[in-house]
Amino acid sequence: MSEPMNRRQLLRGATLTGGGLALAAWMPAWAQSVSPGLTAPLPMVSGEDITLKIARQTMMIDGRASKAIGINGTVPAPLIRLREGQNVRLHVVNDLDEDSSIHWHGLLVPTQFDGVPGLSFPGIKPRSTFTYEFPIRQSGTYWYHSHSGLQEQLGHYGPIVIDPTGTDPIASDREHVIVLSDHSPISPEAIFRRMKVDPGNLNFQKQTLAGLLAGRDQTLKDRMDWGRMRMDPTDISDTTGAAYTYLVNGHGPRDNWTALFTPGQRVRLRFINASSMTTFNVRIPGLKLSIIQADGQNVMPVEVDEFQIGVAETYDAIVIPPDDRAYALVGEAVDRSGMARGTLAPRAGMAAEVPPLRKRPLATMKDMGMDMSSMPGMEGMNMSGGDDAAAWHRPFSRAEPLGEARDARRHGNAGCAIFDARHGVERHGRDGPFQDGRHGHGIDGDHGHGVHEDARFRKRAPGEEGPGRADDRADAYRPDRGAWPGARGCRPQGTRLQGSDGADPQSRRPRAGA
């Protein structure tokens, strides 16, 4: 017999119900609580003339109101669907009391329309309109977002899908756009200020004395060594689930955003990481994911249990749900402080069991860029981080872009260049003139988005729990393999494994103020 509902539960239930009804007005059709997929007529903005209006608004997350900046009254912003070869004019109206902008992330555009204030144009002044105009020279999954202040964290972002000329070489019966993001009731300015005062003030997963006595995490010697250097191995993410709620298409974990399917269908999932600071580990327990596109570029299909998606990256995956049941869609924050959660289901109202958060990883000296194991006095220091560090250790594929893809890299597209997590490293060195860990504006005026981490795909060993060691990689497609006539050309140059037994692993931690 169930317990009677108390007043607090009743009020919360009413709030969630009312919030769910009100939420529909603040969500674009493709991001509604229950999505049938991108079926005709497509719920989007498209054509050669598109108007986008930037304004402050309120959004509902798990039944609670939160301040936001949206476009055309929605968070995320409307899906922009275009076709390769067309021309587009985008009239952007800034209804804010401050400057704003839109950057077309990954698109090949003329410099003056790249949308980065102070670099390629002066920004969009309050109560004014700016028109972007450019030809569409590529296809794939991309996104757009503000490059002014901290507006992106407040919801100023949206997806872009560009269909290829002719038939898409990737066949699917249904498709869904999945925008992962982070949002906080705390203003981004307040979060940034707190991180400047105390960088670890939002980290509630630090090592403890109780953990040491129980034999968990680092040994006493390693803790003392790290302490002398004023470094914290649990400093995985600058901002954590203590401040953020992790979203799927603007919905919190309790909102249960649902993507519909029919058993046996090939479902294309277009993943976009529009978060401000969060790297996600994405999986659908019970389903394999076949990665078929990375940052808008078709790749040789790689079947995985899970993949890691960094800030600003996009990956497309094909899943084929065989059963008439619900599947959980999980995007765990890399520091395991929270997760974004949705559902794939044949019918609305269904939910799958949500797996618990896994054990948080520990950073290693190599992750911090400080492998000192060969230095005098450091010979016995454990640089591996143990099993916990495996969450950060992924295969690393280096590919050289060819032809059009090389141009794409210069103008902001991922091309097929796959290098370091910090964009722009290829041209400017590991400590280039960047202000954040994502956008890496080049000193030569290029936007510097053309260098991305490889998709960190992996298969867990039987019985393995948690992140584990990876053994799969996504090689960029090479035309002479003759598999996909529509794929961009990339030439793999070899691979290497990052981690305690590999070379040069880099920190995955985005910097404050992204």
Side-chain angles (χ1 to χ4, degrees), residues 84 106 138-142 161-173 175-176 178 265-273 281-284 287-310 312-320 393-409 413-421 426 449-460 468-498 502:
E84 185 177 14
Q138 64 209 96
S139 62
T141 302
Y142 303 95
V161 173
I162 304 176
D163 296 309
T165 301
T167 303
D168 194 327
I170 302 170
S172 62
D173 303 310
E175 61 183 280
H176 293 279
I178 298 173
Q265 282 186 326
R266 284 175 55 88
V267 182
R268 181 172 184 165
L269 305 177
R270 297 178 181 267
F271 290 94
I272 300 168
N273 186 351
N281 295 112
V282 178
R283 57 194 165 118
I284 304 175
L287 286 182
K288 297 285 187 180
L289 297 98
S290 181
I291 306 298
I292 44 84
Q293 190 179 102
D295 290 320
Q297 308 302 308
N298 293 339
V299 297
M300 293 294 291
V302 179
E303 191 173 80
V304 299
D305 296 307
E306 175 177 349
F307 67 94
Q308 181 166 297
I309 182 168
E313 292 180 329
T314 74
Y315 292 119
D316 286 24
I318 295 289
V319 296
I320 306 177
H393 299 158
R394 298 289 184 267
F396 185 80
S397 176
R398 186 176 294 269
E400 176 64 23
L402 300 176
E404 181 180 351
R406 180 182 292 116
D407 265 355
R409 186 179 65 195
N413 182 32
C416 293
I418 301 173
F419 293 89
D420 189 86
E426 182 217 7
H449 289 262
V451 279
H452 282 249
E453 292 180 275
D454 191 13
R456 292 177 192 81
F457 311 131
R458 64 182 190 79
K459 291 183 178 179
R460 291 190 295 275
R469 183 73 66 179
D471 64 356
D472 286 306
R473 63 184 181 271
D475 284 340
Y477 176 75
R478 193 166 70 187
D480 56 23
R481 293 178 182 168
W484 290 344
R488 308 288 188 198
C490 292
R491 177 167 52 88
Q493 297 294 322
T495 60
R496 56 178 176 168
L497 180 66
Q498 285 184 294

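With hydrogens and angles ignored, the 3.5 Å screen pairs a side-chain donor or acceptor of Thr165 with a backbone N or O of Glu84. Within the 3.5 Å criterion, the main-chain N or O of Ala171 finds a donor-acceptor partner in the side chain of Arg266. Put simply, the side chain of Asn273 gets close to the backbone of Gly310: a donor and an acceptor are under 3.5 Å apart. Of the possible polar contacts, none joining the Asn298 side chain to the Gln293 backbone as a donor-acceptor pair under 3.5 Å is found.
Interatomic distance, CD1 of Ile318 versus CG of Asp173, reported as 8.5 Å (0.5 Å rounding). Between the CE atom of Met300 and the OG atom of Ser290 there is a distance of 10.5 Å, given to the nearest 0.5 Å. The OH atom of Tyr315 sits 12.0 Å away from the CD atom of Gln297 when rounded to the nearest 0.5 Å.
Nearest heavy atom pair, residue Phe307 against residue Ile291, reads CD2-CD1, 3.8 Å. Considering all non-hydrogen atoms of both residues, Val319 and Lys288 come closest at CG1-O, 3.5 Å. Heavy-atom minimum distance, Gly106 versus Tyr142: O-CE2, 3.8 Å. The two residues Thr314 and Gly296 make their nearest non-hydrogen contact at OG1-N, 3.6 Å. Nearest heavy-atom pair across Ile292 and Ile170 is CD1-CD1, 3.5 Å. The nearest pair of heavy atoms linking Leu289 to Asp305 is CD1-O, 3.7 Å.
With sequence neighbours excluded, the residues that form a side chain to side chain donor-acceptor pair (under 3.5 Å) with Asp316 are Thr141, Arg268, Arg270.
The shortest distance between side-chain heavy atoms of Glu175 and Leu269 does not fall below 4.5 Å.
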